[in-house]
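Below: the structure, in structure tokens.
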Amino acid sequence: MKVYSLSSHPNKACYILRFKEMTIMLDCGLCALPLMHFLPLPIIPTAKFNNLPSWIPRECTEAQLEGELKECCGKVFVDSAPEFQPPLSQLVDFSEVNMILISNYLSMLALPFITEGTGFEGVVYATEPTLQIGKFYLEELVQYIEKTPKLTSASHWKDISHLISPFSEDIKPRSWRQLYNLQSVYASLARVQMVGYDEKLVGLTSFYIKLYFLYRCIEFAIILYWKYYSLSSHPNKACYILRFKEMTIMLDCGLCELKECCGKVFVDSAPEFQPPLSQLVDFSEVNMILISNYLSMLALPFITEGTGFEGVVYATEPTLQIGKCNVAYGKAVLLHSDLNNITCDEKWMRDIKNQNESGSVLVPCYPSGVIYDLFECLSSHLDNSSLTQIPMFFISPVADISLAYSNILAEWLSDCKQSKVYLPEEPFPHAHLVKTGRLKHFKSIHDDAFNAEFRQPCIVFCGHPSLRFGDSVHFVQLWGSNPLHTIIFTEPDFPYVEALAPFQPLAMKSIHCPIDTSLNFNQANKLIRELKPSTLVVPDCYTHPPPSFPQRTELVIDQVDRKVLTLKRGEVLKIPLKRKRTRVNMSAEIAEAVEPCELRPGLAIASIKGNLKVKDNQYCIDMSSSSRHHQYETGALDVEQFVERLVHEGITDVKVEPNATGYIIHLYH
Amino acid sequence: MSEIKVTPLGAGQDVGRSCILVSMGGKNIMLDCGMHMGYHDDRKFPDFKFIAPQGPVTDMIDCLIISHFHLDHCGALPYFTEMFGYAGPIYMTHPTKAIAPILLEDFRKISVEKKGDSNFFTSQMIKDCMKKVIAVNLHQTVHVKHNLEIKAYYAGHVLGAAMFQVKVGNQSIVYTGDYNMTPDRHLGAAWIDKCRPDLLITESTYATTIRDSKRCRERDFLKKVHECVDRGGKVLIPVFALGRAQELCILLETYWERMNLQAPIYFAVGLTEKATNYYKMFITWTNQKIRKTFVQRNMFDFKHIRPFDKSFIDNPGPMVVFATPGMLHSGLSLIIFKKWAPVENNMLIMPGFCVQGTIGHKVLSGVKKLEFENKQIIDVKMAIEYMSFSAHADAKGIMQLIQYCEPKNVLLVHGEASKMVFLKEKIKQEFNLDCFMPANGESCFVQTDMKISIDVSVNLLKEEAVKYNSEPPNPLKERQIHGVLVIKDSSISLMDVDEACKEVGISRHIVRFTSNVQISDSSPINKTLELIYDQLLSYLQDKSQEYKIQLTESSLSIDSVLLSVERIDDKNKRVFVTWPNQDEEVGKIVLHVLKSMSNTQGTSYQPIELG
């Protein structure tokens, strides 16, 4: 089996697996970091960006470069339509990809780059929330950029990019591309086939693909298990864990000896083709770790084993069902919202409170995800601080869709949110906040209703978190010069200093408070320890400490006691998978025709010949139309007795001639 | 041959208290656990004693599946779990889990508080029971226990209705519950993939009906309501709180808006808002159209429909009232009916099926004088209309489902015996399938094919693939595989002969036959070989395809039979032929051909090589 990495950013993963003549893409994340090198696209044209001085490297005399690069406070920006870094296209021909598995909506933003205009003919699989939320993510992104079109499209700067200080070789601006249009978004989404939670997709391969979509507050994680069902007594399986929340792509594959319970199941079910689901239940204990992941996204120290959290989560229940699993989710979520409040109090709620007495707050955000939680805890915090009168504005072309969808996907929410539906109440309180006028949502700042409702101080949630396009650009410009206002960064995707760079000089306060829902290293290592993969594939950057904290050697994935392979963008890994047996169905007719020869009690052999049918990578042996039969001789060899028998049969002219490996018996007649 | 045993405890040649026991592969599954609304005695619940006359019932049932929230499918659930002692797993979909307890509580109130039924479950029991329920998602494969797996498919019938596939080892069944094959105003059509179950257990409520188009029925309904309201009459539509009620509300709401009608519409369900809230929240379970438009406008936000108060019963003037329960067996709908029935101008529209024994059933069958418990006699003068809005599959729909999932056998439940007979014949005729229709308490055994899974050595398959791929593509040609089955205890594996010998620890002998045949032919050796080759082909004729024949300058091989020619003198040649015992048949054929070409006999001898 081969694993290709097409993405340089571990949180915007894109992998290709090649195995058994199948080419499967796992996620297709779009790296948006190149945006940081572009000038923002203001909604209302301002002199600020137009009047920036042009910048030309001293070594360069290229005339066409004029006006492509601008300088702001010592930093160089490209004045052009913004570009993104799609997955590497040279390594694999996308027309050969049979299927794309998408784990969450944040990992599907490159989908139109893969499926449109490439000859792609495969199927894309995603769950319903991923599809619906991913759809409005894509729509928002395209609409933002199309709303503020850039007439010029700079390209010459790429030729001299090595001369520009922030552009090192690693960044590879030549691979950057401008965004797709809405048409290709819809064409691409039309290829998506919805899969259910825990659904088995049969008939694609002899693999059995099991998708586990673990969902928390519209943040998903996925554990994808590939099970290769071979002989029960040879539990030869490959197992991948892929993409835990936003953090890591861990693919583990190869021979995986998964705890005793799965072994037991295999032995028990030896003659049947039975998915070893008790093994999956075992994994669903792992799901719990994903929950704790959510807890610890806030990086609070008290979320460790000592808290008794693990005890609450079904360590004792070996036959967990998913439903029960959700109970544990609920617990985690409860804890989570408490924590959220605490950190908010500590970190930025306080700031909000102070600010709000006079200034406003801007929260650049994506249209879904952690904002639902922010609405929830912020509103209760404002209530407690008697700041109920302060309005919250949510501005996005897809704001209404986002709020509506979040409340109808209760099956995918934590148990405590889910149980609200049974009352029936909406799982998130924002519908109520909208009804009472606390939270107001608008398509854009051009919305007439927005102009009527807008008053300060207020809290504005709007996109795009990169501050390069969307309504957030406008608010930074509007409020930038006033030190009473504050901008709070919660999305971890972009470095906030760089995001603010083209707007400098700024007087408004900026607070960096990323809410990362990923597993931390500690949790990832714990998870891997429990899964005991024989081979672990991780992005290269997780095997050494982050560049910003080179001394913190604990911030790596453990490599002790297991085979760890690392992968970078553009690299291919070959992972040997040894398969000795494969499961094949035998028709009843041929089974009846079998004449077993018993060698000793419990052991029999029989020679068979059949018609092999191969369909969808699944084998079946049927009656053959040929009547020819093969016989094989075994047993004790007694030549003397044989000759005696021949004589007995009347063949007397027998000459035995021993040779190196046996005997030659000559019969003349 | 293995078999599947099916015993309906309810819904066997009957509608009401659906409860079907299925035993297969050593597992027992109970499908639905409903109550019969036509009875007030012990017959209202299925006869659970049948399952375990003495012992605890939990050991006898591996899992219990509820298809949807209608009481004839889930009404006996609290009784079974809290009073009869079943403690095993219970599965249903999320909407069913949300809505079922409300309907159960409603029904409990009517039965206990109004009718004084004893031996009934309490509110607390409903709550305790629902806590044990495990909610499933569509298409989620739930592993219940070792070897037992269930999977839900969309059934359309009501919000959250599901069909369930149950798999035990290699055997599988599909239980449809109630389903609907045509999308309606708020629900989509049932869908299932080609899962080829051994047995399909399908409802057959409308086994003999082919319903006219839905649109006609809707127009008819609206016309009748409109006429009645126009002449100042009151329209009573008995419904169940959830399901059909919402569909009719959408229908009337849009009609009222379009026609600008002023007559009030009341929804007297007590949980109007709550009920429609479920629909808002479970939008993903409704049909495509509603799902697409819900952001702009939620179909379940009604403008013209207001909650009903009992005091409105005697209000003058026209009105339309939706009231529960749907079969007029008790509750508010019955109270309103008693008041309105004697007035000719009024109208009763029964939008769904009525169980035998209910007032609804009596009224529909034309009874004009009704006698109630307290000797109250009511003359029914109001117009009675029956409109089948009940979202069951009709005969066409049932046939369609059979076509979709391609079962090997069909079993009919949830219908009337006479209608079942008709459908049974039709299924036999059209699909050539065995069709069963057991009565309650009657067990029925369905024979299923044995499916044998074996493990095949990858090497063996690869060798075959290499051989197959090297040949010119011919889809008609069989891909032949041969090897040795090793049956060790209960595992069966197929491998090539050498691997097998190694595996079982025996040594293999090769018996090789060798023979010389002298033929007279003066042409060069390669010509002689060609001659033999031609002879062989003409002997084998069209069977020659089965053999792998290779001709080179100095030798000829037919499968593993080798043939070479040696010159004796100018005129004579000796043909040397050798084959292993496994190709004895081919060897014989070749020898036969050679001998027919040979003019001299007796000079050949056959050494046998043993080793």
Side-chain angles (χ1 to χ4, degrees), chain A residues 128 196-200 231 233 268-274 277 321 323 400-401 404 408 410-411 421-422 424 579-586 588 591 594 596 599 602-612 621 624-626 628 630-634 637 661-668, chain B residues 94 97-98 134-135 137-141 143 146-147 169-170 274 277-278 281 283-284 294-295 449-458 461 464 478-491 493 497 500-501 504 506-509 511 546 581-582 585 605-611:
Chain A
E128 175 159 20
Y197 170 78
D198 218 344
E199 181 171 352
K200 239 196 256 182
L231 235 195
S233 48
D268 285 348
S269 64
E272 285 141 354
F273 193 88
Q274 173 65 40
L277 249 125
Q321 298 302 331
D400 52 342
I401 302 173
I408 65 156
E411 283 112 305
V421 181
Y422 295 150
R579 293 186 304 129
K580 279 185 180 156
R581 298 276 196 273
T582 188
R583 219 99 253 232
V584 169
N585 285 324
M586 193 160 91
V594 167
L599 296 175
L603 180 67
I605 54 172
S607 135
I608 67 159
K609 178 164 190 171
N611 178 12
L612 186 71
I621 299 179
S624 168
S625 59
S626 152
R628 295 173 57 202
H630 289 267
Q631 282 189 325
Y632 303 101
E633 293 75 29
T634 60
L637 197 67
T661 54
Y663 303 91
I664 298 174
I665 297 164
H666 297 271
L667 308 170
Y668 303 94
Chain B
H94 285 276
K97 190 184 171 185
I134 301 160
N137 285 315
L138 283 183
H139 302 172
Q140 177 185 359
T141 314
H143 178 78
H146 171 60
N147 234 358
N170 282 323
K274 231 176 161 186
N277 254 346
Y278 282 115
M281 232 84 85
I283 286 278
T284 47
F294 91 101
V295 178
D449 286 343
M450 281 279 277
K451 273 170 237 154
I452 307 138
S453 296
I454 58 170
D455 295 296
V456 179
S457 140
V458 170
L461 289 173
E464 190 277 340
E478 276 186 6
R479 296 182 66 160
Q480 286 197 341
I481 186 160
H482 59 86
V484 174
L485 276 184
V486 177
I487 305 154
K488 212 179 203 172
D489 299 322
S490 53
S491 81
S493 28
V497 61
C501 286
V504 300
I506 53 173
S507 54
R508 191 186 151 202
H509 306 310
V511 178
E546 281 183 33
N581 188 34
Q582 69 207 40
E585 273 173 68
Y605 73 99
Q606 297 186 1
I608 302 169
E609 198 175 335
L610 298 173

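Chain letters run A, B, ... following the sequence lines, proteins first, then strands; residues in each count from 1.
- Neither the backbone nor the side chain of A:Ala410 comes within contact range of chain B; no heavy atoms are under 4.5 Å apart.
- With respect to chain A, the highest number of heavy-atom pairs below 4.5 Å among B:Leu485, B:Val295, B:Ile283, B:Leu138 belongs to B:Leu485.
- Heavy atoms closer than 4.5 Å to chain A are found in the side chain of B:Asn137, but not in its backbone.
- When the candidates B:Val486, B:Leu461, B:Asp489 are compared by the number of heavy-atom contacts under 4.5 Å with chain A, B:Leu461 comes out ahead.
- In this structure, B:Tyr278 and A:Tyr422 approach most closely via the heavy-atom pair OH-O, 2.8 Å.
- You'll find the side chain of A:Ile605 reaches within 4.5 Å of the side chain of B:Ile506, heavy atoms only.
- Looking at B:Val456, the atoms closer than 4.5 Å to chain A (heavy atoms on both sides) sit in the backbone and in the side chain alike.
- Among residues two or more places apart in sequence or in another chain, the side-chain contact (heavy atoms from CB on, under 4.5 Å) test is passed with A:Glu128 by A:Gln132, A:Met194, A:Leu409, B:Thr284, B:Arg291.
- None of A:Ile608, A:Ile621, A:Val584 except one satisfies the side-chain contact (heavy atoms from CB on, under 4.5 Å) rule with B:Ile481; the exception is A:Ile621.
- For the set A:Ala591, A:Ala404, A:Pro596, the entry with the most heavy-atom pairs within less than 4.5 Å of chain B is A:Ala404.
- Looking at A:Leu599, the atoms closer than 4.5 Å to chain B (heavy atoms on both sides) all sit in the side chain, from C-beta outward.
- Residues A:Met586 and B:Ser453 form no side-chain contact, since every pair of their non-hydrogen atoms from C-beta on lies 4.5 Å or further apart.
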